[in-house]
Amino acid sequence: MRKICLTVVGMYFMLLHAFSQVITKDSTGFQPKKLKLDEVNLVSSYYTQNGDHSSIRGGIGSEKVTDLANGLELKWVGWDAHQRKNTLTAGLGIDYHTAASQAWISKTGASHRTDGLRLYPSLDWTRENERKGTSFSLGAYYSNEFNYQSLGFSAGITKKTKSNGEFGLKLSGYFDQVKLILPSEFEPANAAGSGSGGRDHANYGSSPRQTYTASFSFSQVINTRLQAIFLLDLVEQHGYLGLPFHRVYFTDGTDSIEKLPSNRFKLPLGFRLNYFLGDKVILRSYYRFYIDDWGLRSHTASLEVPIKLTPFFSLSPFYRYYTQSAVNYFAPYEQHNKTDGYYTSNYSLSAFSSHFFGAGIRLVPPKGVFGTHLNTLELRYGHYTQTTDLVSDVISLNLQFR
């Protein structure tokens, strides 16, 4: 973890050096036709959580997790011969996490803890015709971790209206392979290797999972102070939708592997309302209702209030409330019957409510931080509590170079 932190710090200084050599200020207002590096974003965050409802142990045991995430995003902007704006964005994310419950893939708690390293590159391209108020985008995404691989694609269009509105449609598909890492008591008797006490993780088979999403949006500038955004997603999932190392304990004390349906339809509906309360305060509100065919219903409501203390320094306190019902197939430790068709003791699918609150500070000097190409520095902290006794903290740093 220390090596990763030092690497990110080194990247910050290299980017400062690179911008001082590559990017020059254009005082003529000329729009270049070729793609040119326009913006670099670096985000680092540290997350920690604790609880006592581990899914690997059937709803009991430590949920302690730590995660260090680092993301780099490069954005190039240019205009073609028809004066259409082209934006190419390349991203690379690296997450390093540890989980105390991983040792309990073995029933004795003696498994090798596979500290997870997740890599997720992405590539997005957008072409915008500012005269017609239209844009078109394509994206490709990849993610790899010790127990799954994911490949995704997306395409989107937007169209502005004459009344300061904008319609958007984005279609995406993700194609995953879930590695079938079993609890040790379900390993074949002749299995050999490390991993969960039997085979090495690399020798496990896998099962597919597909996720298809159609996202619709409409934003409207109502007046100089008020903006509203409506959001609708249609999500369809197929394939292996659980995790094979999640245990379930029945009323007679015996255990099995989590079993969930192979299809799931999700319908989230969202609404954002931003109000500019004078020149120094913005009210950013959000509400979402969610429903799916597993029986889960949820409500999310949040409010963030950026306050501009000086022309280049702002403070943003925020609060989010969330509540959900349990899916039809959830029951706690040793509460499932063997006659149940589907069963899980994963507490993320249980009924609970949560609170997430914190604040961020943002520094945007007109001539850059310390006179460099680092034009934005943002630091955020949040604390999360859940009625299942899970608690977590996250702190993140965002650096933007232009």
Side-chain angles (χ1 to χ4, degrees), residues 39 41 43 75 85 87 89 124 126-139 154-172 212-236 265-292 296-309 311 314-325 353-362 364 376 378 380 382 384 396 398 400:
E39 182 179 304
N41 288 286
V43 179
K75 183 181 292 185
K85 182 180 179 181
T87 303
T89 305
D124 289 276
T126 301
R127 170 171 286 175
E128 181 183 1
N129 190 320
E130 295 178 332
R131 289 181 292 116
K132 294 183 177 180
T134 60
S135 70
F136 175 74
S137 64
L138 294 172
S154 70
I157 57 173
T158 65
K159 172 63 177 177
K160 294 181 180 179
T161 68
K162 295 181 180 180
S163 58
N164 294 320
E166 182 177 274
F167 290 95
L169 169 64
K170 185 175 182 180
L171 304 176
S172 62
Y212 303 98
T213 303
S215 299
F216 303 87
S217 65
F218 174 69
S219 63
Q220 178 66 53
V221 177
I222 299 172
N223 54 49
T224 57
R225 293 184 178 272
L226 187 63
Q227 181 189 36
I229 305 173
F230 299 89
L231 304 165
L232 168 65
D233 293 332
L234 304 175
V235 184
E236 183 75 28
F265 177 74
K266 305 177 181 180
L267 179 63
L269 296 164
F271 175 70
R272 295 184 185 275
L273 194 65
N274 298 333
Y275 184 74
F276 293 82
L277 191 65
D279 297 330
K280 296 184 178 181
V281 180
I282 305 174
L283 303 179
R284 294 177 177 167
S285 61
Y286 174 67
Y287 170 76
R288 188 187 80 154
F289 172 72
Y290 170 95
I291 186 172
D292 67 30
L296 194 149
R297 307 286 185 275
S298 72
H299 301 270
T300 305
S302 67
L303 178 65
E304 183 170 356
V305 186
I307 304 169
K308 187 178 288 188
L309 301 177
S314 61
L315 175 68
S316 301
F318 61 86
Y319 171 74
R320 184 186 72 203
Y321 175 75
Y322 175 82
T323 183
Q324 73 173 42
S325 62
S353 299
S354 68
H355 305 271
F356 182 56
F357 55 89
I361 56 174
R362 193 165 186 260
V364 191
T376 302
E378 185 173 10
R380 293 174 69 90
Y384 176 87
S396 63
N398 180 19
Q400 183 184 90

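Reckoned from all heavy atoms, side chains included, excluding hydrogens, waters and symmetry mates.
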K.L.:
What side-chain donor-acceptor pairs closer than 3.5 Å can you find for residues 154-163, not counting sequence neighbours?
P.N.:
| residue | atom | partner | partner atom | Å |
| --- | --- | --- | --- | --- |
| Ser154 | OG | Tyr141 | OH | 2.8 |
| Thr158 | OG1 | Ser135 | OG | 2.3 |
| Lys159 | NZ | Lys132 | O | 3.0 |
| Thr161 | OG1 | Ser163 | N | 3.4 |
| Thr161 | OG1 | Ser163 | OG | 3.3 |
| Thr161 | OG1 | Gly165 | N | 2.9 |
| Thr161 | OG1 | Gly165 | O | 3.4 |

K.L.:
Partners of Asn41 by side-chain contact (heavy atoms from CB on, under 4.5 Å), sequence neighbours excluded?
P.N.:
Glu39, Glu73, Asn398, Gln400
K.L.:
To the nearest 0.5 Å, what is the distance between OG (Ser353) and CD (Gln324)?
P.N.:
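Those atoms lie 8.5 Å apart.
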K.L.:
Does any non-hydrogen side-chain atom of Phe318 lie less than 4.5 Å from one of Ser302?
P.N.:
no
K.L.:
What distance separates Thr87 OG1 from Lys75 NZ, expressed to the nearest 0.5 Å?
P.N.:
6.5 Å
K.L.:
Which value, rounded to the nearest 0.5 Å, describes the distance between Asp292 atom CG and Phe265 atom CZ?
P.N.:
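It comes to 9.5 Å.
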K.L.:
Step by step, would you call Leu234 with Leu267 a side-chain contact (heavy atoms from CB on, under 4.5 Å)?
P.N.:
CA-CA 5 Å; Leu234 304 175; Leu267 179 63; 3.4 Å; yes
K.L.:
Does the ring pair (Phe, Tyr, Trp, His ring centres under 6.0 Å) test come out yes or no for His355 and Tyr384, once each step is laid out?
P.N.:
CA-CA 6 Å; His355 305 271; Tyr384 176 87; 9.0 Å; no
K.L.:
Applying salt bridge (Lys or Arg N to Asp or Glu O under 4.0 Å), can you list everything that pairs with Arg320, at least two apart in sequence or on another chain?
P.N.:
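For Arg320 there are no salt bridge (Lys or Arg N to Asp or Glu O under 4.0 Å) partners, ignoring immediate neighbours.
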K.L.:
Would you say Asn223 has more than 12 foreign heavy atoms packed within less than 6.0 Å of its CG?
P.N.:
yes
K.L.:
Hey, could you give me the OH/OG distance between Tyr321 and Ser354, rounded to the nearest 0.5 Å?
P.N.:
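Reported value, rounded in 0.5 Å steps: 8.0 Å.
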K.L.:
Would you sort out whether Arg288 and Ser298 count as a side-chain contact (heavy atoms from CB on, under 4.5 Å), showing the intermediate values?
P.N.:
CA-CA 8 Å; Arg288 188 187 80 154; Ser298 72; 4.0 Å; yes
K.L.:
Taking ring pair (Phe, Tyr, Trp, His ring centres under 6.0 Å) as the test, write out the residues that go with Phe276, two or more places apart.
P.N.:
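Residues passing ring pair (Phe, Tyr, Trp, His ring centres under 6.0 Å) with Phe276: none at all.
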K.L.:
Using the test side-chain contact (heavy atoms from CB on, under 4.5 Å), find all partners of Leu273 that sit at least two apart in sequence or belong to another chain.
P.N.:
Leu226, Ala228, Phe271, Ser285
K.L.:
Apply side-chain contact (heavy atoms from CB on, under 4.5 Å) to the pair Lys266 and Asp233, showing each step before the final yes or no.
P.N.:
CA-CA 8 Å; Lys266 305 177 181 180; Asp233 293 332; over 6 Å; no
K.L.:
Just verifying a value: how many Å separate Ile229 CD1 and Gln220 CD, rounded to the nearest 0.5 Å?
P.N.:
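So the gap between those two atoms works out to 11.0 Å.
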K.L.:
Any idea which heavy atoms bring Ser215 and Thr213 closest together, and the distance?
P.N.:
OG-CG2, 3.5 Å
K.L.:
Indicate yes or no for a side-chain donor-acceptor contact from Thr323 to the backbone of His299 under 3.5 Å, with no hydrogens or angles considered.
P.N.:
no
K.L.:
Mind checking whether Leu296 and Tyr290 have side chains closer than 4.5 Å, heavy atoms only?
P.N.:
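When only atoms from C-beta onward are counted, Tyr290 and Leu296 do touch, with a gap below 4.5 Å.
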K.L.:
So, taking the atom named OG1 in Thr300 and the one named OH in Tyr322, what distance separates them when rounded to the nearest 0.5 Å?
P.N.:
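That separation rounds to 6.0 Å.
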K.L.:
Tell me, please, which residues at least two apart from Glu304 pass salt bridge (Lys or Arg N to Asp or Glu O under 4.0 Å).
P.N.:
Arg380
K.L.:
Please examine the side chains of Arg284 and Pro306, heavy atoms only from C-beta on, and report whether any two atoms are closer than 4.5 Å.
P.N.:
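Yes, side chains in contact.
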